[in-house]
2 protein chains.
Amino acid sequence: MPRKSRSTGRITLDDVAREAGVSRITASRALHGGRVVGAELVARVQQAADKLGYVPDPAARALASARSTQVPVLVPLLSNALFVDLLEAVHRVLFPAGFQPMIGVTHYDPAEEELLLRNYLAHRPAGLLVTGFDRTEAARQLIAQSGVPCVYLMETTDAPGVHCVGFSQLEAGAAMTEHLLSRGRRRIAFAAAQLDPRTLLRAEGYRRTLQKAGCYDSRLELLCPERSSIALGARLLEELVSTRPDIDAVFFNNDDLAQGGLLAAHRLGIKVPERIAIAGFNDLAGSDQMLPPLSSVHTPRAEIGDQGARTLLQLMSGQTPAQASIELAFQLVIRDSS
Amino acid sequence: MPRKSRSTGRITLDDVAREAGVSRITASRALHGGRVVGAELVARVQQAADKLGYVPDPAARALASARSTQVPVLVPLLSNALFVDLLEAVHRVLFPAGFQPMIGVTHYDPAEEELLLRNYLAHRPAGLLVTGFDRTEAARQLIAQSGVPCVYLMETTDAPGVHCVGFSQLEAGAAMTEHLLSRGRRRIAFAAAQLDPRTLLRAEGYRRTLQKAGCYDSRLELLCPERSSIALGARLLEELVSTRPDIDAVFFNNDDLAQGGLLAAHRLGIKVPERIAIAGFNDLAGSDQMLPPLSSVHTPRAEIGDQGARTLLQLMSGQTPAQASIELAFQLVIRDSS
DNA sequence: CTGAAAGCGCTTACAG
DNA sequence: CTGAAAGCGCTTACAG
């Protein structure tokens with residue numbers, strides 16, 4: 001028979017409803033909302049769905065309900081283990097709850113983030129997780145106008161209506177600087193790459209602390225826009241010791257830089273921490289294995305991912321989280337390099 | 001007026017069609033297929049779409065066409081830089097072509113991969129990118145029955161109808177072993193973690209090479225199911241030198257292990273390469289900065305991502321790639337540690 | 001080369 | 001607590 005069938009052969013809600021002897025809409029409600037349907041029917045429909053191996057069509061659902069189960073998660077980079085830890089934690093919360101995290105990488109480029117946002121928002125996401133507050137005005141508008149619940153990760157703010165989970169980048173930068181001062185260091189250099197907003201906040205924490213102690217010297221700040229890497233850390237240390245031979249400490253803005261710096265110090269025969277103390281940031285894998293083991297700031301990225309995702313879950317279900325802004329603690333991890 | 005409107009306020013194809021003065025279907029064709037529509041109309045429709053800021057609804061499109069623009073990319077881990085490089089390359093090819101790579105992390109767990117597959121396949125993906133050939137029978141069935149074009153990454157096979165891009169893990173393992181032999185090493189240990197199928201292939205390459213040379217000793221194979229890490233590499237080296245003090249080389253299965261091994265050797269006062277040569281695998285970031293710089297096997301992961309994505313692009317557009325199986329070259333990178 | 005009709009698989013008001 | 005109707009926004013045959 002020449003039927004105009006475009007059927008995909010897929011098992012649909014109608015099949016389930018027929019099997020269970022109810023209407024399609026009752027089947028739909030039994031499978032989701034649950035509440036308004038009789039308990040007996042819910043069981044019957046569930047059983048039919050299981051028997052037939054029914055898998056709901058996300059596209060149809062998204063179209064009909066104007067909302068999908070996708071949750072874009074925008075991070076700057078995958079090559080910093082920090083964000084991998086964050087994503088793992090997010091996934092562990094969102095996936096079991098029935099949502100699909102979609103990882104988007106912005107490369108610290110606001111234009112790229114805007115493009116991704118434009119794309120992902122077209123998919124009618126259920127929620128949105130983004131990194132920090134630094135973005136284009138257009139991106140801000142896109143988020144606001146979409147009406148999609150959004151949680152900001154890594155930094156915090158008191159701005160009303162903004163849900164965020166992070167830690168104080170500035171205080172973390174200050175804390176490590178204070179530690180170095182407490183060890184008697186006075187000529188403390190700061191070496192950073194990438195120069196994203198959070199890096200600059202840490203630099204500010206370093207700066208204020210040294211100013212307060214009367215030890216600040218702007219010539220000891222080495223801010224380099226390149227991508228952070230072990231090799232760059234090595235170069236930065238070499239540059240510092242050759243141009244500022246009187247430094248007695250280097251605070252690197254990320255552990256990969258610090259690891260490279262440590263290796264370069266070795267190569268140059270510079271004793272750490274005797275002549276120069278070295279400290280890193282983020283406490284990444286391997287830092288505890290360095291020679292000497294590297295002092296660092298352990299940042300709560302897994303917990304940020306976890307709590308950020310949980311906050312988003314609440315927002316997506318229409319609840320109001322107890323706190324709009326959650327500030328978590330970082331932790332100084334002092335090993336032998338400082 | 002009490003209209004039963006469920007409108008989302010979104011700009012639809014109808015709006016574009018009205019603006020351009022054509023029918024909805026012509027607008028649809030003008031925006032995509034392009035071919036059968038008059039060039040003048042295409043321009044008119046395109047202009048209308050731009051003017052209104054039209055963004056097609058992926059859900060509606062997926063529902064109507066039984067195919068989305070999503071492309072799940074399943075990798076074992078994000079904490080191995082290898083896969084981050086792979087994903088970057090995939091993204092660079094797929095995203096500009098209008099597809100959305102969806103990163104899925106399997107943690108080397110076939111059951112987890114199966115679950116992800118079941119989920120992602122419900123989204124009617126346009127294509128599929130998976131790592132290796134090791135999966136559950138159910139997962140294999142899911143892929144086959146879905147009819148979704150699929151490209152297998154990292155390994156190759158001659159099995160008919162299977163599209164794959166990779167390199168010979170076995171030969172790569174053999175090549176580094178041969179290098180160590182050529183430097184006069186005879187008591188060569190092999191230290192591996194994770195024990196995924198590709199690791200075991202490299203172990204097999206090591207084994208065969210040493211057997212051929214008459215140097216094989218199964219007691220020098222240290223296979224550890226734990227996750228690969230710098231700290232584990234340090235432990236493995238310590239174990240090796242204490243239980244097999246006569247070894248003159250260690251071939252680590254991944255650079256993080258090798259870096260840890262190198263650091264442990266330092267701590268123990270073992271000269272590298274004088275007393276023990278150390279080699280790694282994958283040539284990850286930082287290996288060139290180690291003391292001494294680490295010999296490794298540079299694997300073509302970026303190219304695998306690139307070519308794998310390009311192959312998939314062809315399959316998705318209905319073309320037949322020139323080659324079903326693409327084997328790329330790895331490269332021995334000999335530095336000072338061996 | 002262009003269009004009117006039907007349909008993809010689901011959910012949302014509206015009734016009962 | 002359950003159902004018949006309409007609709008989400010698009011594309012696929014089928015005509016012309």
Side-chain angles (χ1 to χ4, degrees), chain A residues 1-45 49 52-69 98 121-124 126, chain B residues 1-45 49 52-69 98 121-124 126:
Chain A
M1 55 186 177
R3 195 157 50 100
K4 211 174 178 173
S5 171
R6 282 167 59 193
S7 162
T8 52
R10 203 174 166 118
I11 293 172
T12 73
L13 196 54
D14 280 311
D15 299 323
V16 175
R18 205 173 306 123
E19 176 76 23
V22 299
S23 75
R24 187 206 309 158
I25 165 65
T26 300
S28 171
R29 280 194 282 244
L31 256 24
H32 303 100
R35 46 204 59 176
V36 284
V37 181
E40 179 217 10
L41 274 191
V42 171
R44 190 137 54 94
V45 171
L52 298 178
Y54 170 66
V55 182
D57 186 324
R61 176 124 57 128
L63 186 57
S65 69
R67 192 106 310 174
S68 76
T69 57
L121 252 18
H123 288 259
R124 313 163 175 275
Chain B
M1 54 185 177
R3 196 156 52 99
K4 211 175 181 173
S5 171
R6 284 166 59 193
S7 164
T8 52
R10 203 174 167 119
I11 292 172
T12 73
L13 196 53
D14 279 311
D15 299 322
V16 175
R18 204 173 307 123
E19 176 76 22
V22 299
S23 75
R24 185 206 310 158
I25 166 64
T26 300
S28 171
R29 281 194 282 245
L31 256 24
H32 303 101
R35 45 204 59 176
V36 285
V37 182
E40 178 216 9
L41 274 191
V42 171
R44 190 138 54 95
V45 172
L52 298 177
Y54 169 67
V55 181
D57 186 325
R61 177 124 57 128
L63 186 57
S65 69
R67 191 106 310 173
S68 76
T69 57
L121 252 18
H123 287 259
R124 311 164 178 274

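Here is the naming used below: chain letters follow the sequence lines, and residue numbers restart at 1 for every chain.
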* **With sequence neighbours excluded, residues passing side chain to side chain contact (heavy atoms under 4.5 Å, CB included) with I11(A)** =>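 I11(A) satisfies side chain to side chain contact (heavy atoms under 4.5 Å, CB included) with D15(A), L52(A), Y54(A) once adjacent residues are dropped.
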
Compare the minimum distances between each of [options] and the side chain of [X], then state the nucleotide with the smallest one.
{"X": "P56(B)", "options": "dC10(D), dG3(D), dT12(C)", "answer": "dC10(D)"}
{"X": "A64(B)", "options": "dG3(C), dG9(C), dC8(C)", "answer": "dC8(C)"}
{"X": "L63(A)", "options": "dT12(D), dC8(D), dT12(C)", "answer": "dC8(D)"}
{"X": "A60(A)", "options": "dC10(C), dG9(D), dC10(D)", "answer": "dC10(C)"}
{"X": "T26(A)", "options": "dG7(D), dT2(D), dC10(D)", "answer": "dT2(D)"}

For [X], check side-chain hydrogen bond (donor to acceptor under 3.5 Å, both in side chains) against everything at least two apart and list the hits.
{"X": "T26(B)", "answer": "S23(B)"}
{"X": "R67(B)", "answer": "none"}
{"X": "R44(A)", "answer": "none"}
{"X": "R24(B)", "answer": "D14(B)"}

* Give the stems involving DNA chain D, where a stem is 3 or more consecutive Watson-Crick or G-U wobble pairs (i with j, i+1 with j-1, and so on) under 3.5 Å. =>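 Runs of three or more consecutive pairs: C:1-3 with D:14-16, C:5-12 with D:5-12, C:14-16 with D:1-3.
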
* To do: Classify the side chain of R24(B) versus the base of dT11(D) as yes if they form a donor-acceptor pair under 3.5 Å and no if they do not.
  =>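 Between dT11(D) and R24(B), which were checked side chain against base, a qualifying N/O pair under 3.5 Å is present.
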
* To do: Give a yes or no on whether a donor-acceptor pair under 3.5 Å exists between the nucleobase atoms of dG3(C), that is its base, and the side chain of R29(B).
  =>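 Yes, a donor-acceptor pair under 3.5 Å.
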
* Asked: Within the structure, does a side-chain N or O atom of T12(B) lie under 4.0 Å from either OP1 or OP2 of dG9(D)?
  -> no

* R124(A) side chain near D57(B) side chain, heavy-atom distance below 4.5 Å ->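 Sidechains of D57(B) and R124(A): in contact.
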
* Asked: Nearest nucleotide by nearest heavy atom, which residue falls closer to the 5' end of DNA chain C, I25(A) or A27(B)?
  ->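 Its nucleotide being nearer the 5' end, the pick is A27(B).
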
* Check the distance between dT12(C)'s C1' and R67(A)'s CZ and give it to me in whole angstrom. =>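 Interatomic distance, CZ of R67(A) to C1' of dT12(C): 15 Å.
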
* **Gap between atoms CG and P, on D14(A) and dA5(D) respectively (whole Å)** => 14 Å

